[in-house]
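Here is how names work: the chains are called A, B, and so on, in the same order as the sequence lines, proteins then strands, and each is numbered from 1. Nothing here was measured: the structure is a model prediction, and the numbers come from that model.
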Protein chains: 2
Amino acid sequence: MKETTLKQIAETLGISITTVSKALKNYPDVSAKTRNAVLELAKNLHYTPNSFAVNLRTKESRTIGLIIPEVVHHFFSNVINGIIAEAEKHGYLVIILQSNESMELEKKQVELLLNKRVDGIIISLSNESNGDEHIKEIMRREIPFVQFDKIAKLIPSSKVIINDQKAAFEATEHLIKKGCRKIAHIRGPVNPQNAIDRFLGYKKALEQYQIPFDSKLVYTCQNVTFEEGKTFAKQILEEHPDVDGLFVITDLVAVGVLAHFNEVNIAIPEQVKIIGFSNWFMSQVITPKLSTVDQPSYEMGLKAFELLLEEMNARKDGKPFVARTVELLTKIIERDSSK
Amino acid sequence: MKETTLKQIAETLGISITTVSKALKNYPDVSAKTRNAVLELAKNLHYTPNSFAVNLRTKESRTIGLIIPEVVHHFFSNVINGIIAEAEKHGYLVIILQSNESMELEKKQVELLLNKRVDGIIISLSNESNGDEHIKEIMRREIPFVQFDKIAKLIPSSKVIINDQKAAFEATEHLIKKGCRKIAHIRGPVNPQNAIDRFLGYKKALEQYQIPFDSKLVYTCQNVTFEEGKTFAKQILEEHPDVDGLFVITDLVAVGVLAHFNEVNIAIPEQVKIIGFSNWFMSQVITPKLSTVDQPSYEMGLKAFELLLEEMNARKDGKPFVARTVELLTKIIERDSSK
DNA sequence: ATATATATCGAAAACGTTTTCGAAAACACC
DNA sequence: GGTGTTTTCGAAAACGTTTTCGATATATAT
């Protein structure tokens, strides 16, 4: 029941371990005869190289690490999908860790991956995190490293992002063009770059169309949940019953808003028009169907791995590597909630 | 920029590698003085053991493999969540692979994981798969192995399941008790055990309440998608306009059904009552809210890892190991679609 | 025949750790 | 000062692979 090794093959064939290894790896300096003998015996014994030994020798494991805030999340699970698909295509496996939006956990997990000596790391920062020591440590060790979506701008790694500010601008503009004049914004938490950028985009759109900005109309999520959407919907109705437009940080929260509005019979889109962000699946299923900003999640994962692969290959060949930032395009999707 | 090794520490301290190793692992046969010297130097040099070498020496990697049909799936992403949370707690990392419901891919991925020499494997079978050679190979090699949800009954590994037949029975019974007398069933694909069991549960409930079973009322999914739900909804209305109850293999498809019924203004639950399966998040968000069967997905992941850990530990200690099957409880959730 | 080129092989080092086992040193006791 | 015990250390093997480099052996050319 023992695993087959090069040694065993060598001994039964009466040749050296070296030759067996070379035969299996198609080195030119082994005769066709011995090569065939080795290949056949290896096949019969179901030989597969011991990856632990290969890792030690070659100093790489063909495994990368991925840290994301939440697995159960339409956007992130699509990204995961893109990453593992592309990674598998290139012979890499993916270890997935979840930071639960906690900086402390994220720190531990970076450490775990570094100790594990993965060949590269892809990360989307937790809301609490922003280019802290553990992220810098990755750069210091020169581990191939890609950030996506929630990034630390100042860390000079490769990045895959969308233009959050532009997308938010367009979403807000969409509401304005539909006739909204008093537009509230439910924004994400204070820290994450994309929440900030989306807020700025919202503000910029108001400016451009000469609608006065009112900070009272901006509500800030803590946990970015369905329940928060419901709560804010209620609060908005109480504090600003004349709001006629609403741009929400993400569909999950927007759906919470819709749920509450439905409960209290607010007419949508007649009284209030709503647009979300990220194009979650359920947004096309809810009544009324939610307008949103489409974000190419699968493609983001794919690109993130591509960039990582670039860096891994460059470093292997000792070539200089310059970080790249890829910006993917978003698209306004108009549905019933803003008609 | 080189990594610190035991050798370096040993040389700068003028002692042997052996002693350094022992000091770091708290062996009793090293004096307090040398131990402290080692510990301090190790800390200063940021020493972390080279996991590749440790893997080779100890023959374990503290990494497990997980193969699931689809990452972007409410049920499965919750399971992933449970598994990686529990694994991390016990110092294990998780490599995730996705079979895309393809047996061919699943086969390749099992091979990948075996070659990688993971310490254990957790799997939920693809629809095309059912205890074929690649699964048997895992057992043959005596790799710790747990199946969950979509299992091959005849493979004697540990398993985490729900009682699909009983749950389906209860779902159907629920419709009957609400007054339904002509109940259709949209079932899953032909192969998977849980689709079969749910179908059997449906049939059994009809029998028990003396409602004649009619195979014309059973529709079989190919891909288990939202679109399929819409298609079947249309088909059912055409072929059996007097259907008054509908039990659907999973919420995603049931939501598709609801979407079509909403479009053509079928009154739900008045004309047709519907119940789904798995309690997807969106089911409480759609109008009308979908009744369903709650399935403890996170807990399934957690239990799956627990069982795997049991086997990994037993095998490490050379103890005999007997596979266990854990059955988790389901619960009918009554919402508006079956009121 | 000699010299040169080519084809085929294997010894050995290296990757960095863990663990066994024996040796040396220190201590205790009478 | 001899004997026995305990403490502390290190040599060496082992895990299984990859790769360098030198050694043969064979073929080619002069």
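- By the neighbour-count criterion of 12 heavy atoms within 6.0 Å, atom NZ of B:Lys7 is sparsely surrounded, having that number or fewer from other residues, nucleotides or ligands.
- Residues meeting the salt bridge (Lys or Arg N to Asp or Glu O under 4.0 Å) test with B:Lys107, sequence neighbours left out: none.
- With rounding to whole Å, A:Tyr27 atom OH is found 14 Å from C:dC9 atom C1'.
- End-to-end axis angle for the helix from C:dA1-D:dT30 to C:dC30-D:dG1, using five pairs per end and rounding to 10°, comes out at 60°.
- Qualifying salt bridge (Lys or Arg N to Asp or Glu O under 4.0 Å) partners for B:Glu137, counting only residues two or more places apart in sequence or in other chains: B:Arg140, B:Arg141.
- Note: CG (A:Asn55) to P (D:dT17) measures 12 Å, nearest angstrom.
- The salt bridge (Lys or Arg N to Asp or Glu O under 4.0 Å) test applied to B:Glu128 returns no partner, not counting sequence neighbours.
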Check: residues 69-84 of chain A side-chain donor-acceptor pairs under 3.5 Å, at least two apart:
from: A:His73; atom 1: ND1; to: A:Phe75; atom 2: N; distance (Å): 3.4
from: A:Ser77; atom 1: OG; to: A:His73; atom 2: O; distance (Å): 3.0
from: A:Ser77; atom 1: OG; to: A:His74; atom 2: O; distance (Å): 3.3
from: A:Asn78; atom 1: ND2; to: A:His74; atom 2: O; distance (Å): 3.0
from: A:Asn81; atom 1: OD1; to: B:Gln98; atom 2: NE2; distance (Å): 2.6

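- Sorted by first then second residue, the ring-ring contact (aromatic ring centres under 6.0 Å, His included) pairs that include residues 98-133 of chain B, not counting sequence neighbours, number zero.
- In this view, A:Glu88 and B:Gln109 satisfy the side-chain hydrogen bond (donor to acceptor under 3.5 Å, both in side chains) rule, not counting sequence neighbours.
- Here B:Tyr47 reaches the OP1 or OP2 of C:dT17: one of its side-chain N or O atoms lies under 4.0 Å away.
- Remark: A:Arg62 engages A:Glu60 in a salt bridge (Lys or Arg N to Asp or Glu O under 4.0 Å) (not counting sequence neighbours).
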Each nucleotide of nucleotides 7-15 of chain D classed B (base within 4.0 Å of a protein heavy atom), S (only sugar-phosphate) or -, in 5' to 3' order, makes -BBBBBBBB

